[in-house]
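Single-structure report; data block below.
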Number of protein chains: 2
Amino acid sequence: MVVNFARSPCPIASTLDLVGDRWTLVVIRDMLNGKSRYNEFAASPEGIPTNILAERLKRLTESGLAEKHLYQEHPPRFEYRLTHKGAELLPVLQEICRWANVHIPDTWIPPTAFMRKRRKSN
Amino acid sequence: MVVNFARSPCPIASTLDLVGDRWTLVVIRDMLNGKSRYNEFAASPEGIPTNILAERLKRLTESGLAEKHLYQEHPPRFEYRLTHKGAELLPVLQEICRWANVHIPDTWIPPTAFMRKRRKSN
DNA sequence: GTAGTGACTTTTATTTTGCAAGTGACTAAT
DNA sequence: ATTAGTCACTTGCAAAATAAAAGTCACTAC
């Protein structure tokens with residue numbers, strides 16, 4: 001189930017092939033907020049099912065958005081951290097937050113730190 | 001299947017409840033590019049299945065992102081146009097395009113008109 | 001009257017999701 | 001030493017979503 005061919009060369013469709021589902025961006029949000037461990041992701045209020053979480057973490061690493069690091073040998077435990085590629089989705093999530101705060105009632109205002117962070121160049 | 005309760009008050013999770021699937025943002029992209037008719041959406045290169053298209057158009061109108069207008073009586077024909085709420089997703093799609101153009105090889109560079117358009121205020 | 005188009009709906013099949021339970025490695029408590 | 005518990009998953013299975021194909025209904029063009 002590796003993404004070999006996108007549906008089209010459209011940047012939007014291609015991005016959706018990677019993160020276009022109900023859960024992937026929620027996990028990336030958590031990673032951007034400093035979470036890195038399975039139980040931290042599982043503890044988020046949306047309540048991601050554990051099988052979906054495991055599958056998404058695998059897909060994120062396979063698609064180069066995150067990296068898996070062993071941080072403890074016995075028992076083996078892993079951290080999942082965003083790669084540069086994954087972390088650069090921040091502006092997308094920031095725009096989503098801006099939109100939601102305007103158009104969906106009662107959504108949380110994200111921490112200033114989250115909204116102020118900038119991608120490096122461009 | 002109306003969205004009554006979001007999974008959480010998180011703006012990201014709430015937005016994904018509305019547009020977090022493989023097709024909705026592709027349809028919104030087409031609307032932002034001036035397409036408004038069923039056959040125009042169906043003709044896009046991603047090849048959305050017609051049952052999914054019909055269901056998405058219904059959901060978009062139900063969630064207030066688009067509006068359905070009769071433009072011809074015999075036979076009845078409809079146009080689907082973004083509401084203000086829907087059109088304000090433009091900055092999200094622009095950021096997705098920026099990200100994809102950097103991180104996914106061979107994605108189309110969107111028309112300058114699409115990238116330069118601005119949301120009104122803020 | 002035959003063919004074709006537009007906007008769908010229906011049918012059927014495949015894939016994804018979600019819930020529950022299970023597993024193996026270890027840790028802490030009794 | 002047995003028991004219970006946590007962590008990071010995996011497995012099994014039912015339900016929902018998605019997809020491909022075909023069907024429908026109202027027209028229009030020839």
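Here is how names work: the chains are called A, B, and so on, in the same order as the sequence lines, proteins then strands, and each is numbered from 1.
Looking at Glu95(B) and Arg98(B), a side-chain N of the basic residue comes within less than 4.0 Å of a carboxylate O on the acidic one, giving a salt bridge. Salt bridge absent: Glu62(B) and Lys68(B) never bring a charged side-chain N and a carboxylate O closer than 4.0 Å.
Asp17(B) and Ser14(B) share no side-chain donor-acceptor pair at under 3.5 Å. Glu46(A) and Ser8(B) share a side-chain donor-acceptor pair at under 3.5 Å.
Contact check, Arg77(B) against dA26(D): no side-chain N or O comes under 4.0 Å of OP1 or OP2. For the OP1/OP2 pair of dT10(D) and a distance below 4.0 Å, the side-chain nitrogens and oxygens of Tyr38(A) include no atom meeting the criterion. The side chain of Arg22(A) contributes no N or O atom lying less than 4.0 Å from OP1 or OP2 of dA17(D). In this model, the phosphate group of dA19(D) is approached by a side-chain N or O of Trp23(B) to a distance below 4.0 Å at OP1 or OP2. The side chain of Tyr71(A) contributes an N or O atom lying less than 4.0 Å from OP1 or OP2 of dA8(D).
Within 4.0 Å of Arg37(A), counting heavy atoms only, lies no atom of the nucleic acid at all. Counting any heavy atom pair closer than 4.0 Å across all strands shown, Tyr80(A) reaches sugar-phosphate atoms only and no base atom.
Residues Phe114(A) and Cys97(A) share a closest heavy-atom pair of CE2-SG, 4.0 Å.
Note: CD1 (Ile48(A)) to P (dC7(D)) measures 17 Å, nearest angstrom. Taking atom CG of Leu53(B) as the reference point, atom C1' of dA7(C) lies 9 Å away to the nearest angstrom. One interatomic measurement links the two molecules: CD of Glu55(B) to C1' of dT9(C), which rounds to 13 Å at whole-angstrom precision. Ile52(B) places its CD1 atom 15 Å from the P atom of dC8(C), with the value rounded to the nearest Å. Across the protein-nucleic acid pair, Leu70(B) atom CG and dG6(C) atom C1' stand 14 Å apart, rounded to whole Å.
Residues Glu73(A) and Gly47(A) each lie close to DNA chain C; by heavy-atom proximity, the contact nearer the 5' end of the strand is made by Gly47(A). Place Thr50(B) and Arg56(B) on DNA chain D by their nearest nucleotides, and Arg56(B) ends up nearer the 5' end. Comparing Pro76(A) and Asn39(B), the nucleotide of DNA chain C nearest to each residue sits closer to the 5' end for Asn39(B).
Scanning atom types as modelled, one donor and one acceptor separated by under 3.5 angstrom connect the side chain of Asn51(B) and the base of dA19(D).
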